[in-house]
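Accompanying notes for the structure given below.
When a ligand or atom number is given, it counts from 1 through the structure's own listing order. In this chain, residues are counted from 1 in sequence order.
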Amino acid sequence: MNSESRLEERLPPGQQWVAEGKWPVIGEREPAPGPAHWSLTISGGAGEDRQWSLDELEAMPQVTKTLDIHCVTRWSMPDAIVEGVLLETLLDEVTAKPESKFISFVARSTRRHSTTLEIQTAIELGTIIALKFNGEPVPEGHGGPIRNIVPGRYFYKSVKWLEQIELLEQDLPGFWEAESGYHNEADPWKEQRYMAPTVDRRTAAKLIESRDFSGHDLRSIRLSGMQLDGLLARKALLRDARFDDASLEKADFSNANLSNSHFTNANLRGAKFVDTDLEGADLSGADLRMADMTGCFLTGASFCRTAPDGTVTEAQIDESTTLPENLLTPLTPFQLEFVSRRLGRDKK
Ligand SMILES: Nc1nc2c(c(=O)[nH]1)N[C@H]1C(S)=C(S)[C@@H](COP(=O)(O)O)O[C@H]1N2
Ligand SMILES: [Mo]
């Protein structure tokens with residue numbers, strides 16, 4: 001009761017807690033093949049590169065921190081117990097060039113996944129080179145054996161399978177920051193999820209008129225309240241797009257990326273979301289009757305929301321909605337309960 005309310009205060013805006021014991025794997029699922037023995041290298045300093053083997057990292061002073069994890073796709077996980085070496089401890093053994101201001105964390109993964117922070121910020125936030133998680137070695141799917149953990153930033157700043165740390169004079173966009181327009185600061189308390197929209201107004205106006213967004217990058221576009229029945233948006237990039245109160249009957253969003261999009265009270269009757277990425281999407285109050293959601297991704301998505309004043313906004317879902325049960329497992333308990341009840345599948 002008491003601890004529950006404190007937990008509520010620890011939840012940044014727009015986030016929801018995952019079910020106890022559930023930790024989704026997001027992004028890459030495994031490291032790239034490489035030497036059997038892991039090591040971590042810091043490059044870009046004034047002298048030679050400095051390398052530590054996993055054994056050497058384990059022999060250094062370890063710190064343990066309990067922290068909350070916040071993913072940009074709106075799920076959060078409380079009380080993760082992270083153990084490892086402070087970034088600051090490693091940097092103490094390296095001489096940085098005076099002009100180095102940024103630090104890039106690079107993964108041993110097929111796409112050389114990376115993310116960048118200001119050195120000063122990374123130290124101040126207490127960045128940990130994590131070797132253990134909840135008392136056990138970091139599981140491989142979650143970035144073991146060596147993963148960086150940046151407390152107080154969305155989880156995309158915490159690179160899995162950390163292999164290299166580079167000191168840089170200039171900021172370098174990370175993989176998600178470049179690929180998906182994720183915000184470079186990533187402070188969950190300021191909801192810094194995305195960079196400013198990329199498309200200019202004239203292009204947007206033309207596309208709206210044509211009602212064909214297929215394949216276009218329109219992230220963060222504002223279309224609330226608009227009449228867009230029959231919209232074609234196959235394979236469109238619509239992260240963070242706003243469709244609140246819009247009419248989108250029979251719209252086709254198949255294979256589109258709609259993560260963190262907003263559809264509050266939208267009319268989505270007969271809309272198609274086949275193989276659509278709906279991670280973190282807000283579908284509260286949307287009319288989803290006759291919608292086809294086969295193969296969509298629903299981690300962090302919501303269908304039902306209770307406002308602080310107690311007002312409940314519920315999506316309209318019934319037997320005419322195609323929403324296979326196996327897609328529902330990544331939903332938070334509250335959302336899962338709501339959707340199952342609506343689909344008449346709650347086991348009673
Ligand atoms: N190497 C690597 N690190 C990564 C990613 C990735 O795809 N590859 N995804 C990031 C994102 S977007 C998130 S939310 C977290 C997910 O970590 P998890 O799979 O342990 O939950 O890892 C971050 N670090
Ligand atoms: Mo993420």
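Of all the atoms in ligand 1, the ones that sit under 4.0 Å from a non-hydrogen atom of Trp23 are 18 (P), 20 (O), 21 (O). Residue Pro24 approaches ligand 1 through these ligand atoms, each under 4.0 Å from one of its heavy atoms: 18 (P), 19 (O), 21 (O). Residue-ligand proximity, His142 to ligand 1, at heavy-atom distances under 4.0 Å covers atoms 18 (P), 19 (O), 20 (O), 21 (O). Close contacts between ligand 1 and Arg111 involve ligand atoms 6 (C), 7 (O) [criterion: under 4.0 Å to a heavy atom]. Near Ala107, with a cut-off below 4.0 Å to any heavy atom, the atoms of ligand 1 are 1 (N). Within ligand 1, counting atoms from 1 as listed, the ones closer than 4.0 Å to a heavy atom of Trp161 are 1 (N), 2 (C). Within the listing of ligand 1, atoms 14 (S) sit less than 4.0 angstrom from a heavy atom of Cys71. Heavy-atom proximity to Ser158, at under 4.0 Å, picks out these atoms of ligand 1: 22 (O), 23 (C), 24 (N).
Note on ligand 1: Lys157 sits outside its first shell, no heavy atom being nearer than 4.0 Å.
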Original post:
Phe253 and Phe213: ring pair (Phe, Tyr, Trp, His ring centres under 6.0 Å), yes or no, with the steps?
Top reply: CA-CA 9 Å; Phe253 292 105; Phe213 293 1; 8.3 Å; no

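Here His183 and Tyr194 keep their ring centres 6.0 angstrom or further from each other. Ring centroids of Phe303 and Phe263 are separated by 6.0 Å or more, keeping the two rings apart.
For the side-chain hydrogen bond (donor to acceptor under 3.5 Å, both in side chains) with Asp282, the qualifying choice from His262, Arg74, Arg305 is Arg305, the only one to do so.
Taking atom 13 (C) of ligand 1 as the reference point, the nearest protein heavy-atom neighbour is Phe155 O, 3.9 Å. Atom 9 (N) of ligand 1 has as its closest protein heavy atom Trp176 NE1, 3.2 Å.
Residues Asp55 and Ser53 have side chains that never bring a donor and an acceptor to within less than 3.5 angstrom of each other.
Arg108 contributes no side-chain N or O that, together with a main-chain N or O of Leu162, makes up a donor-acceptor pair within less than 3.5 Å. Counting only distance, with no hydrogens or angles, the side chain of Tyr182 and the backbone of Lys157 share no donor-acceptor pair below 3.5 Å. For the pair Asp244 (side chain) and Thr264 (backbone), a donor-acceptor distance under 3.5 Å is present.
Annotation: cation-pi geometry not satisfied between Arg111 and Trp161 (NZ/CZ under 6.0 angstrom from ring centroid, within 45° of ring axis).
When the options Arg108, Glu30, Lys160, Arg112 are ranked by their closest heavy atom to atom 19 (O) of ligand 1, first place goes to Lys160. Comparing Arg147, His113, Glu28 against atom 22 (O) of ligand 1, the shortest heavy-atom distance belongs to Arg147.
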